[in-house]
*Asks:* 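Dumping the structure here so I can ask a few things about it.
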Amino acid sequence: MRILVLGSGGREHAIVHSLASSPHVTAIYAAPGNGGTAGERVTNNVALNPEDAEVVVAFARTKDIDLAVIGPEGPLCAGLADALRAVGIPTVGPGADGAQLEGSKTFAKDLMVAARIPTAESATFADRDSAIAYLEAHSAPIVVKADGLAAGKGVTVAIEMSEAISAVEECFSGRFGEAGNKVVIEEFLEGPEVSLLAFVDGTTVMPMAPAQDHKRVGDGDQGPNTGGMGVYSPVPGVPAADYSRMLEILEMTARALHADGIEFRGILYGGFILTADGPKVLEYNTRFGDPETQVLLPRLNSDLAEVLMALAEGQLESMGLLSWTQNVAVSVVMASAGYPGEYGVGKPITGIEAAEQIPGVTVYHAGTKIAENGELVSAGGRVLNVTAVARDFPTAVENAYKAVELIQFDGSFFRHDIAHRALAARQPS
Ligand code: AMP
């Protein structure tokens, strides 16, 4: 099997790493990939821009690609999966129609309301004055979201009404470009946040395990939001009834898309808040989560290449039940000083080999590259995802942090409390 993986982050390294362990896989092209994908078995990095569908399709045809896996949301929303399928290449990732579930909060809300999927009550506005009037009729805390893709920066959880008003002004000021042409104002939900991802081939929905990430940059959930500073899976303490309900909601979502004539072949990611009234959907993603993938795929025993090919061909059901390890996984992000604001790049990285000597540790590269002199250097805000798989959370956390301590690059920092809720849940009371 010859596979093309599009994207360049930790998620894509984790996908490539799992695919590379499959005996079916004879070649992997990571486009553009990073310093970690470059070192995987049978893998070559290729300098392609995943946003350039014409070039990607031409490359896939030249290289006789059997399966394409699209990592990031941008190319999905732009229709890359449609372009690949149009030339007969089995592809993991929804077409532009299904990707709207992530690309437009209004589309997602409309689908949820129509399918009676529990979510925060909300209203959408295309102009500033009616949005402000709506705010004036409600009370804080309240949530303001730019409608389109805003790289995770378009959401304001306003504790005070003044923050909500500023957020509305900001959206309509053009700060988020087109993504802010419409604004969604939403009821504030309270409860723990859990993600549940599933492989979906249109009708069959095969769940992965729940995962929980840490979005704030600092220990104790302080500081600004990031793309994620660490993550763990499974999530102790999620009641079985909530898990079943989350799975049911993903199935309802797939059915609703199917009923609308949308054939969703890809990864469906539900971001949930477990409220006192049960799980409610906060958001959907239409691709593997980053960093969730870095703790989910290391726990998958089934052959990922087989699973993804079955998905792309609409044959997921033929896989039977997927096999997962009972072990847990914890991933700590090592980031560049200044992230999520401005940061420097090009810092030489050492110690990864030593870190990977620790049992169960894999270091996924999120923002690295091989410099011209052959040295591995940092190339992003989030640089490495140091992941440990172990029989329990205390061991996984200990091993992940031992590994982190062995890795150096100038200005690196990380959170010290990843998986603290999992550790606390396991303490005898
Ligand atoms: P989103 O991009 O929609 O997932 O929002 C980013 C983050 O904002 C989420 O992970 C939540 O922590 C928070 N958030 C979003 N919507 C709500 C809501 N309705 N109530 C409470 N928190 C929310």
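When a ligand or atom number is given, it counts from 1 through the structure's own listing order.
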*Asks:* Would you mind telling me if ligand 1 is within reach of the side chain of K105, the backbone, both or neither, using heavy atoms under 4.0 Å?
*Replies:* side chain

*Asks:* Under 4.0 Å from a heavy atom of E283: which atoms of ligand 1 are those, numbered in the order shown and with their elements?
*Replies:*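 That gives atoms 1 (P), 2 (O), 3 (O), 4 (O) of ligand 1.
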
*Asks:* Which atoms of ligand 1 are found less than 4.0 Å from any heavy atom of E186?
*Replies:* 16 (N), 17 (C), 18 (C), 19 (N)

*Asks:* Under 4.0 Å, heavy atoms only, figure out whether ligand 1 is touched by the backbone of L189, its side chain, both or neither.
*Replies:* both

*Asks:* Can we say R11 and E292 salt-bridge, meaning some charged N sits less than 4.0 Å from an Asp/Glu carboxylate O?
*Replies:* no

*Asks:* Any side-chain donor-acceptor pair under 3.5 Å between S195 and Y269?
*Replies:*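 Checked: S195/Y269 side chains pair up, N/O donor to acceptor below 3.5 Å.
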
*Asks:* Heavy atoms only: which of K145, R216, K215 lies closest to atom 16 (N) of ligand 1?
*Replies:* K145

*Asks:* Please determine, by modelled atom types, if D219 and H416 share a side-chain donor-acceptor pair under 3.5 angstrom.
*Replies:* yes

*Asks:* F188 heavy atoms, cut-off 4.0 Å: which ligand 1 atoms fall inside?
*Replies:* 20 (N), 21 (C)

*Asks:* Do the two ring centres, one from Y232 and one from F393, sit under 6.0 Å apart?
*Replies:* yes

*Asks:* Please determine, by modelled atom types, if T37 and N45 share a side-chain donor-acceptor pair under 3.5 angstrom.
*Replies:*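 Side chains of T37 and N45: pair found under 3.5 Å.
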
*Asks:* Under 4.0 Å between a Lys/Arg side-chain N and an Asp/Glu carboxylate O for D147 and K145?
*Replies:*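 Salt bridge absent between D147 and K145.
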
*Asks:* May I ask you to check whether E193 has an N/O atom sitting below 3.5 Å from an N/O atom of ligand 1?
*Replies:*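 Yes; the residue has a nitrogen or oxygen that sits under 3.5 Å from a nitrogen or oxygen of the ligand.
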
